[in-house]
Amino acid sequence: MNEEKPSVYLESSFISMLTSRSSPIATTASMQYYSELWWRTRHDEFRFFISELVFDEISRGEAQAVEKIREFVDGIPVLRKK
């Protein structure tokens, strides 16, 4: 049986949780940890998409951080506006 994987829309805060430096704030560090754990153990089960708006948002900021984020989203289809 060849079932299609469920689609998941990634928004910018989830991408930031996976790509930013570890936070010293406990609640943020916890969100980073569980986001990374989910990504590491479950991402193969889904097809991912981002929007042009998310791509624009994650492309702002410090050059080194933007480069890391762009590497992360490389290959994830971008939903275009009609």
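Numbers here are sequence positions counted from 1. As the structure is a prediction and not an experimental result, all values here were calculated from the model.
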So, does [X] use its side chain to make a donor-acceptor pair with the main chain of [Y] at under 3.5 Å?
X	Y	value
Lys5	Asp44	yes
Gln32	Leu18	no
Thr41	Leu37	yes
Glu11	Ser13	yes

Can you tell me how far [atom2] of [Y] sits from [atom1] of [X], rounded to the nearest 0.5 angstrom?
X	Y	atom1	atom2	answer
Ser22	Glu36	OG	CD	9.5 Å
Gln64	Ile69	CD	CD1	11.5 Å
Ser12	Met17	OG	CE	10.0 Å

Same cluster (ILVMFWY, side-chain, under 4.5 Å), [X] and [Y]:
X	Y	answer
Tyr33	Ile15	no
Phe49	Leu53	no
Phe14	Phe55	yes

Would one find more than 12 heavy atoms of other residues, nucleotides or ligands at under 6.0 Å from atom CD of Glu45? yes

Only one of Tyr9, Trp39, Phe72 passes ring-ring contact (aromatic ring centres under 6.0 Å, His included) with Phe48; say which it is.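 The ring-ring contact (aromatic ring centres under 6.0 Å, His included) with Phe48 is passed solely by Trp39 among Tyr9, Trp39, Phe72.
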
Over all atoms of both residues, closest heavy-atom pair of [X] and [Y]:
X	Y	value
Ile58	Val66	O-CG2, 4.0 Å
Ala29	Ser23	CB-O, 3.4 Å
Val78	Glu52	CG1-N, 3.6 Å

Decide yes or no for Leu10 and Ile76: does some side-chain heavy atom of the first lie under 4.5 Å from some side-chain heavy atom of the second? yes

Is Glu67 paired with Arg70 through a side-chain N to carboxylate O contact shorter than 4.0 Å? no

